[in-house]
Number of protein chains: 2
Amino acid sequence: MTNCDHTLCKTSALKEAERVCEQLGARFTDQRRNVFEILWQSHKAMTAADIMNEMTNKQPPITYRALEFLKKSGLIHHVTSLNAYVGCIYAKDPNHIGQLLICTNCRDINEIEPKNAVSELIKAAKNQDFTPSLTHIEMLGICKTCNNATS
Amino acid sequence: MTNCDHTLCKTSALKEAERVCEQLGARFTDQRRNVFEILWQSHKAMTAADIMNEMTNKQPPITYRALEFLKKSGLIHHVTSLNAYVGCIYAKDPNHIGQLLICTNCRDINEIEPKNAVSELIKAAKNQDFTPSLTHIEMLGICKTCNNATS
DNA sequence: GCTTGCCTGTTAAAATTTAACACTTGCTAC
DNA sequence: GTAGCAAGTGTTAAATTTTAACAGGCAAGC
Ligand SMILES: [Zn+2]
Ligand SMILES: [Zn+2]
Ligand SMILES: [Zn+2]
Ligand SMILES: [Zn+2]
(Lines give C-alpha, C1' and ligand atoms only; values in the text may rest on other atoms or scores of the structure.)
(Ligands and ions follow the chains in the order given, each with its own letter.)
Protein backbone atom coordinates (compact mmCIF):
# COMPACT_ATOMS: atom_id res chain seq x y z
CA MET A 1 0.00 0.00 0.00
CA THR A 2 2.77 2.41 -0.77
CA ASN A 3 0.75 3.96 -3.57
CA CYS A 4 -2.32 5.06 -1.69
CA ASP A 5 -3.58 8.54 -1.04
CA HIS A 6 -3.11 7.83 2.61
CA THR A 7 -4.94 10.83 4.02
CA LEU A 8 -8.01 9.70 2.16
CA CYS A 9 -7.31 6.09 3.00
CA LYS A 10 -7.20 6.83 6.70
CA THR A 11 -10.28 9.04 6.68
CA SER A 12 -12.41 6.43 5.01
CA ALA A 13 -11.13 3.75 7.39
CA LEU A 14 -12.22 5.90 10.32
CA LYS A 15 -15.66 6.41 8.79
CA GLU A 16 -15.94 2.70 8.26
CA ALA A 17 -14.89 1.96 11.83
CA GLU A 18 -17.59 4.26 13.18
CA ARG A 19 -20.15 2.56 10.98
CA VAL A 20 -19.10 -0.94 12.04
CA CYS A 21 -19.25 -0.03 15.74
CA GLU A 22 -22.65 1.56 15.28
CA GLN A 23 -23.88 -1.59 13.60
CA LEU A 24 -22.48 -3.81 16.35
CA GLY A 25 -24.06 -1.66 19.02
CA ALA A 26 -20.58 -1.04 20.41
CA ARG A 27 -18.89 2.27 21.11
CA PHE A 28 -15.91 3.62 19.24
CA THR A 29 -14.37 4.95 22.43
CA ASP A 30 -11.34 7.18 22.90
CA GLN A 31 -9.07 4.23 23.63
CA ARG A 32 -10.24 2.28 20.63
CA ARG A 33 -9.95 5.31 18.40
CA ASN A 34 -6.49 5.98 19.79
CA VAL A 35 -5.25 2.50 18.85
CA PHE A 36 -7.01 2.58 15.52
CA GLU A 37 -5.50 5.93 14.52
CA ILE A 38 -2.04 4.88 15.57
CA LEU A 39 -2.30 1.76 13.44
CA TRP A 40 -3.62 3.74 10.52
CA GLN A 41 -0.70 6.14 10.49
CA SER A 42 0.65 3.75 7.91
CA HIS A 43 0.15 0.28 6.48
CA LYS A 44 3.06 -1.04 8.50
CA ALA A 45 2.78 -3.84 11.03
CA MET A 46 3.02 -2.66 14.63
CA THR A 47 3.45 -4.79 17.73
CA ALA A 48 1.33 -4.24 20.82
CA ALA A 49 4.34 -2.58 22.43
CA ASP A 50 4.87 -0.27 19.44
CA ILE A 51 1.27 0.84 19.71
CA MET A 52 1.32 1.15 23.47
CA ASN A 53 4.32 3.49 23.26
CA GLU A 54 2.33 5.94 21.18
CA MET A 55 -0.86 5.84 23.18
CA THR A 56 -2.12 8.54 25.50
CA ASN A 57 -2.75 5.97 28.19
CA LYS A 58 0.17 3.56 28.05
CA GLN A 59 -1.08 0.78 30.31
CA PRO A 60 -0.97 -2.73 28.83
CA PRO A 61 -4.58 -3.75 29.57
CA ILE A 62 -5.85 -0.62 27.83
CA THR A 63 -3.90 -1.47 24.71
CA TYR A 64 -4.69 -5.17 24.66
CA ARG A 65 -8.39 -4.64 25.26
CA ALA A 66 -8.67 -2.18 22.43
CA LEU A 67 -6.72 -4.46 20.10
CA GLU A 68 -8.91 -7.40 21.04
CA PHE A 69 -12.04 -5.42 20.32
CA LEU A 70 -10.84 -4.09 16.97
CA LYS A 71 -9.74 -7.55 15.91
CA LYS A 72 -13.05 -9.17 16.83
CA SER A 73 -14.88 -6.42 15.01
CA GLY A 74 -12.89 -7.10 11.86
CA LEU A 75 -11.32 -3.65 11.77
CA ILE A 76 -7.74 -4.79 12.10
CA HIS A 77 -5.76 -7.95 11.38
CA HIS A 78 -3.50 -9.79 13.72
CA VAL A 79 -0.37 -10.54 11.72
CA THR A 80 0.45 -13.83 13.36
CA SER A 81 3.83 -14.39 11.78
CA LEU A 82 5.13 -11.13 13.24
CA ASN A 83 2.86 -11.08 16.28
CA ALA A 84 1.83 -7.62 15.21
CA TYR A 85 -1.21 -5.75 13.96
CA VAL A 86 -2.31 -3.80 10.91
CA GLY A 87 -5.46 -1.99 9.82
CA CYS A 88 -7.75 -3.94 7.52
CA ILE A 89 -8.64 -2.36 4.21
CA TYR A 90 -11.61 -4.63 3.54
CA ALA A 91 -13.46 -4.01 6.78
CA LYS A 92 -16.64 -3.47 4.78
CA ASP A 93 -16.71 -7.16 4.04
CA PRO A 94 -16.78 -8.88 7.42
CA ASN A 95 -16.38 -12.30 5.84
CA HIS A 96 -13.30 -11.66 3.77
CA ILE A 97 -10.14 -13.58 4.40
CA GLY A 98 -7.09 -11.42 4.91
CA GLN A 99 -4.26 -12.24 2.54
CA LEU A 100 -1.23 -10.28 3.58
CA LEU A 101 1.97 -9.57 1.71
CA ILE A 102 4.36 -8.55 4.46
CA CYS A 103 7.68 -6.88 3.74
CA THR A 104 10.28 -8.14 6.17
CA ASN A 105 12.44 -5.15 5.38
CA CYS A 106 10.07 -2.21 5.94
CA ARG A 107 7.17 -4.07 7.59
CA ASP A 108 4.76 -2.55 5.10
CA ILE A 109 1.72 -4.74 4.47
CA ASN A 110 -0.24 -5.03 1.26
CA GLU A 111 -3.57 -6.77 1.71
CA ILE A 112 -4.66 -8.47 -1.46
CA GLU A 113 -7.81 -10.25 -2.51
CA PRO A 114 -7.25 -13.13 -4.91
CA LYS A 115 -10.48 -15.06 -4.44
CA ASN A 116 -8.96 -17.93 -6.41
CA ALA A 117 -6.43 -18.88 -3.79
CA VAL A 118 -9.06 -18.87 -1.07
CA SER A 119 -11.53 -20.93 -3.04
CA GLU A 120 -8.84 -23.52 -3.75
CA LEU A 121 -8.12 -23.74 -0.06
CA ILE A 122 -11.77 -24.08 0.86
CA LYS A 123 -12.14 -26.81 -1.72
CA ALA A 124 -9.18 -28.68 -0.26
CA ALA A 125 -10.56 -28.31 3.25
CA LYS A 126 -13.90 -29.69 2.17
CA ASN A 127 -12.14 -32.72 0.71
CA GLN A 128 -10.86 -33.48 4.19
CA ASP A 129 -14.27 -32.87 5.82
CA PHE A 130 -12.76 -29.92 7.62
CA THR A 131 -15.02 -26.99 8.55
CA PRO A 132 -12.97 -23.78 8.48
CA SER A 133 -13.81 -20.82 10.67
CA LEU A 134 -10.79 -18.54 10.50
CA THR A 135 -8.03 -18.48 7.91
CA HIS A 136 -4.66 -16.77 7.97
CA ILE A 137 -2.71 -16.30 4.78
CA GLU A 138 0.57 -14.47 5.16
CA MET A 139 3.44 -14.15 2.73
CA LEU A 140 6.68 -12.76 4.09
CA GLY A 141 9.08 -11.30 1.58
CA ILE A 142 10.35 -8.10 0.02
CA CYS A 143 8.02 -5.46 -1.34
CA LYS A 144 8.34 -3.59 -4.59
CA THR A 145 9.71 -0.43 -3.00
CA CYS A 146 12.41 -2.23 -1.01
CA ASN A 147 13.29 -4.36 -4.02
CA ASN A 148 13.90 -1.28 -6.13
CA ALA A 149 15.86 0.42 -3.39
CA THR A 150 18.42 -2.39 -3.08
CA SER A 151 18.95 -2.84 -6.81
CA MET B 1 -3.84 -37.00 10.25
CA THR B 2 -6.14 -39.11 12.32
CA ASN B 3 -5.96 -41.96 9.84
CA CYS B 4 -2.25 -42.61 9.74
CA ASP B 5 -0.33 -45.66 10.86
CA HIS B 6 1.35 -43.45 13.36
CA THR B 7 4.10 -45.81 14.45
CA LEU B 8 5.25 -45.98 10.86
CA CYS B 9 4.63 -42.28 10.40
CA LYS B 10 6.88 -41.43 13.32
CA THR B 11 9.62 -43.86 12.35
CA SER B 12 9.91 -42.46 8.88
CA ALA B 13 9.92 -38.91 10.20
CA LEU B 14 12.86 -39.79 12.43
CA LYS B 15 14.72 -41.35 9.51
CA GLU B 16 14.07 -38.26 7.48
CA ALA B 17 15.26 -36.00 10.27
CA GLU B 18 18.53 -37.88 10.49
CA ARG B 19 18.98 -37.60 6.76
CA VAL B 20 18.25 -33.88 6.71
CA CYS B 21 20.70 -33.19 9.52
CA GLU B 22 23.35 -35.27 7.78
CA GLN B 23 22.82 -33.28 4.63
CA LEU B 24 23.03 -29.97 6.48
CA GLY B 25 26.21 -31.01 8.22
CA ALA B 26 24.41 -30.56 11.53
CA ARG B 27 23.99 -33.01 14.38
CA PHE B 28 20.74 -34.62 15.44
CA THR B 29 21.66 -34.29 19.09
CA ASP B 30 19.90 -35.69 22.15
CA GLN B 31 18.10 -32.43 22.83
CA ARG B 32 16.92 -32.03 19.26
CA ARG B 33 15.81 -35.64 19.13
CA ASN B 34 14.00 -35.21 22.45
CA VAL B 35 11.95 -32.27 21.14
CA PHE B 36 11.36 -33.96 17.82
CA GLU B 37 10.08 -37.18 19.37
CA ILE B 38 7.80 -35.32 21.76
CA LEU B 39 6.29 -33.41 18.87
CA TRP B 40 5.86 -36.57 16.86
CA GLN B 41 3.91 -38.37 19.56
CA SER B 42 0.93 -37.07 17.61
CA HIS B 43 -0.04 -34.60 14.93
CA LYS B 44 -1.32 -32.17 17.52
CA ALA B 45 -0.01 -28.65 17.98
CA MET B 46 2.13 -28.20 21.07
CA THR B 47 3.32 -24.96 22.62
CA ALA B 48 6.92 -24.49 23.69
CA ALA B 49 5.77 -24.92 27.29
CA ASP B 50 3.90 -28.16 26.47
CA ILE B 51 7.07 -29.53 24.96
CA MET B 52 9.33 -28.27 27.70
CA ASN B 53 7.20 -30.04 30.30
CA GLU B 54 7.90 -33.37 28.66
CA MET B 55 11.60 -32.91 28.09
CA THR B 56 14.38 -34.56 30.00
CA ASN B 57 16.09 -31.23 30.47
CA LYS B 58 13.34 -28.73 31.14
CA GLN B 59 15.23 -25.45 30.83
CA PRO B 60 13.73 -22.88 28.46
CA PRO B 61 16.86 -22.16 26.40
CA ILE B 62 17.29 -25.87 25.70
CA THR B 63 13.77 -26.11 24.36
CA TYR B 64 13.80 -22.90 22.37
CA ARG B 65 17.15 -23.64 20.76
CA ALA B 66 16.05 -27.06 19.63
CA LEU B 67 12.78 -25.69 18.27
CA GLU B 68 14.63 -22.96 16.42
CA PHE B 69 16.96 -25.49 14.85
CA LEU B 70 14.21 -27.87 13.81
CA LYS B 71 12.19 -25.05 12.33
CA LYS B 72 15.12 -23.66 10.34
CA SER B 73 15.88 -27.14 9.09
CA GLY B 74 12.34 -27.54 7.84
CA LEU B 75 11.56 -30.48 10.11
CA ILE B 76 8.76 -28.81 12.02
CA HIS B 77 6.31 -25.99 11.42
CA HIS B 78 5.66 -23.05 13.65
CA VAL B 79 1.88 -22.77 13.83
CA THR B 80 1.73 -19.01 14.13
CA SER B 81 -1.97 -18.67 14.84
CA LEU B 82 -1.63 -20.84 17.96
CA ASN B 83 1.97 -19.96 18.71
CA ALA B 84 2.67 -23.67 18.75
CA TYR B 85 4.61 -26.28 16.82
CA VAL B 86 3.94 -29.45 14.85
CA GLY B 87 6.04 -31.95 12.95
CA CYS B 88 6.16 -31.47 9.20
CA ILE B 89 5.13 -34.37 7.03
CA TYR B 90 6.73 -33.03 3.86
CA ALA B 91 10.23 -32.50 5.23
CA LYS B 92 11.63 -34.24 2.16
CA ASP B 93 10.70 -31.22 0.12
CA PRO B 94 12.52 -28.30 1.71
CA ASN B 95 10.73 -25.80 -0.50
CA HIS B 96 7.19 -26.82 0.15
CA ILE B 97 4.75 -24.38 1.72
CA GLY B 98 2.97 -25.71 4.77
CA GLN B 99 -0.80 -25.53 4.49
CA LEU B 100 -2.27 -26.44 7.82
CA LEU B 101 -5.82 -27.40 8.74
CA ILE B 102 -5.88 -26.87 12.48
CA CYS B 103 -8.69 -28.19 14.64
CA THR B 104 -9.47 -25.68 17.38
CA ASN B 105 -11.20 -28.41 19.34
CA CYS B 106 -8.59 -31.17 19.48
CA ARG B 107 -5.57 -29.24 18.12
CA ASP B 108 -4.92 -31.98 15.59
CA ILE B 109 -3.23 -30.69 12.44
CA ASN B 110 -3.65 -31.99 8.95
CA GLU B 111 -1.01 -30.71 6.56
CA ILE B 112 -2.32 -30.64 3.01
CA GLU B 113 -0.74 -29.98 -0.34
CA PRO B 114 -3.00 -28.26 -2.83
CA LYS B 115 -0.48 -26.72 -5.18
CA ASN B 116 -3.28 -24.71 -6.78
CA ALA B 117 -3.84 -22.43 -3.83
CA VAL B 118 -0.14 -21.73 -3.56
CA SER B 119 0.32 -21.02 -7.22
CA GLU B 120 -2.60 -18.59 -7.18
CA LEU B 121 -0.98 -16.79 -4.28
CA ILE B 122 2.39 -16.63 -5.96
CA LYS B 123 0.76 -15.27 -9.07
CA ALA B 124 -0.98 -12.57 -7.03
CA ALA B 125 2.27 -11.66 -5.29
CA LYS B 126 4.06 -11.36 -8.61
CA ASN B 127 1.37 -8.94 -9.78
CA GLN B 128 2.37 -6.65 -6.93
CA ASP B 129 6.10 -7.05 -7.60
CA PHE B 130 6.41 -8.76 -4.25
CA THR B 131 9.16 -11.36 -3.77
CA PRO B 132 7.97 -13.98 -1.28
CA SER B 133 10.37 -15.88 0.93
CA LEU B 134 8.21 -17.57 3.56
CA THR B 135 4.49 -18.27 3.44
CA HIS B 136 2.10 -19.30 6.19
CA ILE B 137 -1.28 -20.76 5.31
CA GLU B 138 -3.34 -21.77 8.29
CA MET B 139 -7.02 -22.64 8.46
CA LEU B 140 -8.54 -22.87 11.91
CA GLY B 141 -11.74 -24.87 12.21
CA ILE B 142 -13.22 -28.20 13.20
CA CYS B 143 -11.79 -31.47 11.92
CA LYS B 144 -13.71 -34.45 10.63
CA THR B 145 -13.38 -36.46 13.83
CA CYS B 146 -14.57 -33.65 16.07
CA ASN B 147 -17.38 -32.83 13.69
CA ASN B 148 -18.70 -36.38 13.84
CA ALA B 149 -18.34 -36.51 17.60
CA THR B 150 -20.56 -33.49 18.21
CA SER B 151 -23.27 -34.48 15.72
C1' DG C 1 -33.04 8.93 39.96
C1' DC C 2 -31.76 4.13 39.66
C1' DT C 3 -30.37 -0.06 37.40
C1' DT C 4 -27.77 -2.47 34.12
C1' DG C 5 -24.19 -3.42 30.94
C1' DC C 6 -20.27 -1.87 28.83
C1' DC C 7 -15.96 0.18 29.26
C1' DT C 8 -11.97 2.06 31.87
C1' DG C 9 -8.13 2.55 35.44
C1' DT C 10 -4.91 0.37 38.27
C1' DT C 11 -2.10 -3.02 40.52
C1' DA C 12 0.06 -7.04 39.95
C1' DA C 13 1.26 -11.29 38.36
C1' DA C 14 1.79 -15.04 34.97
C1' DA C 15 3.55 -16.71 30.73
C1' DT C 16 6.73 -16.50 27.06
C1' DT C 17 11.10 -15.53 25.10
C1' DT C 18 15.86 -13.99 25.04
C1' DA C 19 20.71 -12.47 26.67
C1' DA C 20 24.98 -13.60 28.36
C1' DC C 21 28.68 -16.40 29.37
C1' DA C 22 31.28 -20.33 30.79
C1' DC C 23 31.82 -24.97 29.50
C1' DT C 24 31.88 -29.32 26.67
C1' DT C 25 32.19 -32.10 22.62
C1' DG C 26 33.41 -33.71 18.08
C1' DC C 27 36.12 -32.80 14.28
C1' DT C 28 40.21 -31.30 11.51
C1' DA C 29 44.80 -29.72 10.64
C1' DC C 30 49.14 -29.86 11.96
C1' DG D 1 47.96 -37.11 19.48
C1' DT D 2 47.13 -32.79 20.43
C1' DA D 3 45.97 -27.94 19.48
C1' DG D 4 42.51 -25.23 17.69
C1' DC D 5 37.95 -24.35 16.11
C1' DA D 6 33.07 -24.50 15.44
C1' DA D 7 28.91 -26.29 17.02
C1' DG D 8 26.21 -27.35 20.77
C1' DT D 9 25.03 -27.34 25.87
C1' DG D 10 24.17 -25.83 30.82
C1' DT D 11 22.95 -22.31 33.85
C1' DT D 12 21.56 -17.98 35.72
C1' DA D 13 18.84 -14.27 35.09
C1' DA D 14 16.41 -10.87 32.83
C1' DA D 15 13.39 -8.80 29.26
C1' DT D 16 9.24 -9.00 26.91
C1' DT D 17 4.53 -10.06 26.25
C1' DT D 18 0.09 -11.11 27.97
C1' DT D 19 -3.51 -11.81 31.41
C1' DA D 20 -6.10 -11.77 36.04
C1' DA D 21 -8.63 -9.40 39.29
C1' DC D 22 -11.25 -5.86 40.99
C1' DA D 23 -12.89 -1.19 41.84
C1' DG D 24 -14.83 2.69 39.56
C1' DG D 25 -17.20 5.50 35.77
C1' DC D 26 -20.39 6.46 32.12
C1' DA D 27 -24.28 6.13 28.98
C1' DA D 28 -28.91 4.44 27.82
C1' DG D 29 -33.37 2.88 29.33
C1' DC D 30 -36.90 2.24 32.74
ZN1 LIG E 1 -8.61 -7.51 5.77
ZN1 LIG F 1 9.19 -2.82 1.88
ZN1 LIG G 1 5.32 -29.06 6.01
ZN1 LIG H 1 -10.41 -32.39 15.91
Side-chain angles (χ1 to χ4, degrees), chain A residues 17-39 44-86 104 107 136 140, chain B residues 17-39 44-86 104 107 136 140:
Chain A
E18 281 163 5
R19 199 192 59 72
V20 166
C21 287
E22 176 89 39
Q23 197 175 26
L24 291 174
R27 282 186 288 150
F28 195 50
T29 63
D30 287 351
Q31 306 295 358
R32 292 166 182 178
R33 179 184 299 270
N34 197 188
V35 168
F36 192 80
E37 289 188 337
I38 288 166
L39 264 181
K44 290 183 197 295
M46 295 182 80
T47 65
D50 291 341
I51 295 166
M52 196 162 64
N53 277 335
E54 301 198 19
M55 287 185 68
T56 307
N57 189 328
K58 298 185 177 13
Q59 297 183 98
I62 304 282
T63 308
Y64 282 99
R65 285 197 283 233
L67 284 170
E68 190 60 21
F69 169 83
L70 295 170
K71 188 177 68 180
K72 277 191 185 165
S73 309
L75 294 169
I76 65 177
H77 286 291
H78 182 210
V79 186
T80 62
S81 45
L82 298 180
N83 193 16
Y85 299 86
V86 73
T104 49
R107 295 175 77 86
H136 287 276
L140 299 168
Chain B
E18 280 162 5
R19 200 194 56 74
V20 166
C21 286
E22 175 90 40
Q23 197 175 25
L24 292 173
R27 282 186 290 150
F28 195 51
T29 63
D30 287 350
Q31 307 294 359
R32 291 167 180 178
R33 178 183 299 270
N34 197 190
V35 168
F36 191 82
E37 289 188 335
I38 288 167
L39 263 182
K44 291 184 196 295
M46 296 181 80
T47 65
D50 291 341
I51 294 165
M52 196 163 64
N53 278 334
E54 301 197 20
M55 287 186 68
T56 307
N57 188 329
K58 296 184 179 15
Q59 297 181 101
I62 304 283
T63 308
Y64 283 100
R65 285 195 285 232
L67 284 170
E68 189 60 22
F69 170 82
L70 295 171
K71 187 176 68 179
K72 277 191 185 164
S73 309
L75 294 169
I76 65 177
H77 286 290
H78 182 209
V79 185
T80 61
S81 42
L82 298 180
N83 194 14
Y85 299 86
V86 73
T104 49
R107 294 177 77 88
H136 288 276
L140 299 167

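Worth knowing before you read on, the calculation uses all heavy atoms, side chains too, and leaves out hydrogens, waters and symmetry mates. Proteins get letters first, then strands, A, B, ... in listed order; numbering begins at 1 in each.
The interatomic distance linking A:Asp50 (CG) with D:dT16 (P) rounds to 12 Å, in whole Å. Straight-line distance from the CZ atom of B:Arg65 to the P atom of D:dA6: 18 Å, rounded to whole Å. Across the protein-nucleic acid pair, B:Glu68 atom CD and C:dT16 atom P stand 17 Å apart, rounded to whole Å. Whole-Å rounding puts the B:Leu24 CG to D:dA7 P distance at 13 Å. If you measure from atom CE of A:Met52 to atom P of D:dT17, you get 8 Å, rounded to the nearest angstrom.
Every residue was checked against the salt bridge (charged side-chain N to carboxylate O under 4.0 Å, His left out) condition with B:Arg27, not counting sequence neighbours, and none meets it. Residues satisfying the side-chain hydrogen bond (donor to acceptor under 3.5 Å, both in side chains) criterion with A:Asp30, sequence neighbours excluded, are absent altogether. For the salt bridge (charged side-chain N to carboxylate O under 4.0 Å, His left out) test, no residue two or more places apart in sequence or in another chain qualifies with A:Lys72. Under the salt bridge (charged side-chain N to carboxylate O under 4.0 Å, His left out) criterion, A:Lys58 pairs with no residue at all, not counting sequence neighbours. By the ring-ring contact (aromatic ring centres under 6.0 Å, His included) test, A:Tyr64 pairs with no residue at all, sequence neighbours left out. For A:Arg33, the side-chain hydrogen bond (donor to acceptor under 3.5 Å, both in side chains) partners two or more places apart in sequence, or in a different chain, are A:Glu18.
DNA chain D lies under 4.0 Å from at least one heavy atom of each of the following residues of residues 55-64 of chain B: B:Asn57, B:Gln59, B:Pro61, B:Ile62. Non-hydrogen atoms lying under 4.0 Å from DNA chain C are contributed by B:Arg27, all within residues 25-36 of chain B. Contacts between residues 72-86 of chain B and DNA chain D, defined by a heavy-atom separation under 4.0 Å, are absent.
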Give every pair of a protein N or O atom and an N or O atom of nucleotides 28-30 of chain D that lie under 3.5 Å apart, one pair per line with the distance.
none

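Here the side chains of B:His136 and B:Val79 are not in contact, with every heavy-atom distance at 4.5 Å or above. Looking at B:Leu75 and B:Val20, their side chains come closer than 4.5 Å, going by heavy atoms from C-beta outward. Between A:Thr47 and A:Arg107 the shortest side-chain heavy-atom distance falls below 4.5 Å.
The closest donor-acceptor contact from the side chain of B:Asn34 to the backbone of B:Thr56 lies under 3.5 Å.
Applying the salt bridge (charged side-chain N to carboxylate O under 4.0 Å, His left out) test to pairs two or more places apart or on separate chains, those with a residue in residues 60-71 of chain A are A:Glu68-A:Lys71.
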* How far apart are the C-alpha atoms of B:Met46 and B:Tyr85, what are their side-chain angles, what is the distance that settles it, and do they pass the side-chain contact (heavy atoms from CB on, under 4.5 Å) test? -> CA-CA 5 Å; B:Met46 296 181 80; B:Tyr85 299 86; 5.7 Å; no
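Summary for the helix from C:dG1-D:dC30 to C:dC30-D:dG1: the axes at its two ends, each from 5 pairs, differ by 20° when rounded to the nearest 10 degrees.
To the nearest 0.5 angstrom, B:Gln31 atom CD is 9.0 Å from B:Gln59 atom CD. With values rounded to the nearest 0.5 angstrom, A:Cys21 atom SG is found 8.5 Å from A:Phe36 atom CZ. Atom CG of A:Leu39 and atom CG of A:Leu70 lie 7.5 Å apart (nearest 0.5 Å).
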